[in-house]
Amino acid sequence: MLTGKRILLVIGGGIAAYKCLDLIRRLRERGASVTPVMTRAAEQFVTPLSVSALAGEEVHRDLFDLTKEAEMGHIQLSRVADLVLVAPATADLMGKMAGGLASDLATTLLMATDTPVMIAPAMNVRMWDHPATQRNLATLLADGVTVVGPNEGDMACGEYGPGRMSEPLEIVAAIQAVFADGPLKGRKVLVTSGPTHEPIDPVRYIANRSSGSQGTAIANALRALGAEVIFVTGPAEAPRPTGVQIVEVETAREMREAALAALPVDAGVFAAAVADWRVASASNSKIKKTKGGLPVLEFAENPDILAEISQMTEGRPGLVVGFAAETDDVVANATSKRQRKGCDWIVANDVSPETGIMGGSENAVVLISKEGSEDWPRMGKDEVARALADRIAAVLAQG
Ligand code: CTP
């Protein structure tokens, strides 16, 4: 429920603005109030009349409204909310936000606000992939803006790919995650997730079968208990968690940089399937087939992020949780891995192909700590995540 929560909804000018009508209803059904603000471009897609009828409040449109500005209306408007939601966040709005522009009511109140901001991007796939948009996204994430979506799929412009605005209920879930209150409130947790890609040349890379779904589930479960989560992910196919700070990386070395930059944290959960090796010197140009000759790849060892952070003498997280993907002697191998790496717990799982765990929706884990090993029954990855988050909360509450 979102009882009593005040959402300031900034509607941007994109075709996805039509979804805001349903979104407003969904938010109000859950007890939130919605104060709508529309950009001029948004009015080309949905009418202020429909928006205000559904919100039950007038639509704010003008920065230079004399009556309201006599009371510094835009400042007040930006402060009364518990959350400012920008949906759809167009490429233009994201650019203005990242650049700190205040050229109309919407962008001015986004600059003036001191409440959390969430954006639901929506745009053409090429606009989303454009380096400028990705740069702006990184800036906004670093500024603490929460991002929900975009989703992948058919687009109104006839193309296919990431760029569709999240569905209203997905946005509602992300908002609920922002307001989550629980035993981990005030705690900061780092989660690494997904595979890493290690380049061979500009078009080829070494990867593994990790989907990132267990890491995403853990981040969501921690967030649901109120934790502030920094989610460092390789190029995973699983959807990203909501209501958390997301740092996208590609290689093990980038993941290490991002994980170290996230410190200090109360706990670190290292669910990523980090590539142990990289190609020692990846080629800058595509390796060509040569008659009769096969390329020889030389490998170099990647940094072990879990071991490095577990063994820090200063600034080590209070609780460090590693994962072990094993195919033989699960408990024995994971127990020695825990000791070797110096982490507090290892969540070990049997990833032999016949278990269907790698890339599947279920997991059967053994939790290894210095007290010994504990078998958990086979269950959904979401349930494993919730059980692990509960354990983490219990341990942090003691310390
Ligand atoms: N890990 C890491 N950095 C690496 C390799 C692994 O942080 N370069 C972390 C993983 O996120 C996981 C744990 O270490 O939490 C176990 O990884 P795994 O690959 O199973 O262990 P290895 O050290 O590779 O041992 P082995 O090859 O013997 O399985």
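We count ligands from 1, going down the list as the structure has it; atoms in each ligand are counted the same way. The first residue in the sequence is number 1, and the count goes up from there.
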Option set [options], criterion heavy-atom distance to [atom], minimum:
atom                    : options                        : answer
atom 29 (O) of ligand 1 : Lys341, Lys337, Glu326         : Lys337
atom 8 (N) of ligand 1  : Ala307, Ser336, Pro303, Ala252 : Pro303
atom 11 (O) of ligand 1 : Ala271, Ser210, Ala325, Ala272 : Ala272

Closest non-hydrogen protein atom to [atom], residue and atom name please, with distance?
atom                    : value
atom 3 (N) of ligand 1  : Ile305 N, 3.1 Å
atom 9 (C) of ligand 1  : Leu306 CB, 3.7 Å
atom 15 (O) of ligand 1 : Phe270 O, 2.6 Å

N/O separation below 3.5 Å, Thr192 to ligand 1: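 No, there is no polar N/O contact under 3.5 Å.
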N/O separation below 3.5 Å, Phe323 to ligand 1: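 Yes; the residue has a nitrogen or oxygen that sits under 3.5 Å from a nitrogen or oxygen of the ligand.
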Salt bridge check, [Y] against [X]: does any charged N sit closer than 4.0 Å to a carboxylate O?
X      : Y      : answer
Glu57  : Arg6   : no
Arg386 : Asp382 : no
Arg378 : Asp350 : no

Enumerated ligand 1 atoms positioned under 4.0 Å from heavy atoms of Gly322: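 Here the atoms of ligand 1 in question are 15 (O).
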Heavy atoms from other residues, nucleotides or ligands near CG of Asn284 exceed 12 (cutoff 6.0 Å):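 No, not enclosed.
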Arg126, CZ atom: more than 12 neighbouring heavy atoms under 6.0 Å: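 At most 12 heavy atoms, drawn from other residues, nucleotides or ligands, come within 6.0 Å of this atom.
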Residue portion contacting ligand 1 (non-hydrogen atoms closer than 4.0 Å) for Asp276: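 Only the side chain of Asp276 comes within reach of ligand 1.
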Closest non-hydrogen atom pair between Gly14 and Phe45, with its separation: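 What the structure gives for the nearest pair is O-CG, 3.5 Å.
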Shortest non-hydrogen contact from Lys370 toward Arg338: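 Nearest pair, atom of Lys370 first, then Arg338: CB-NH2, 3.1 Å.
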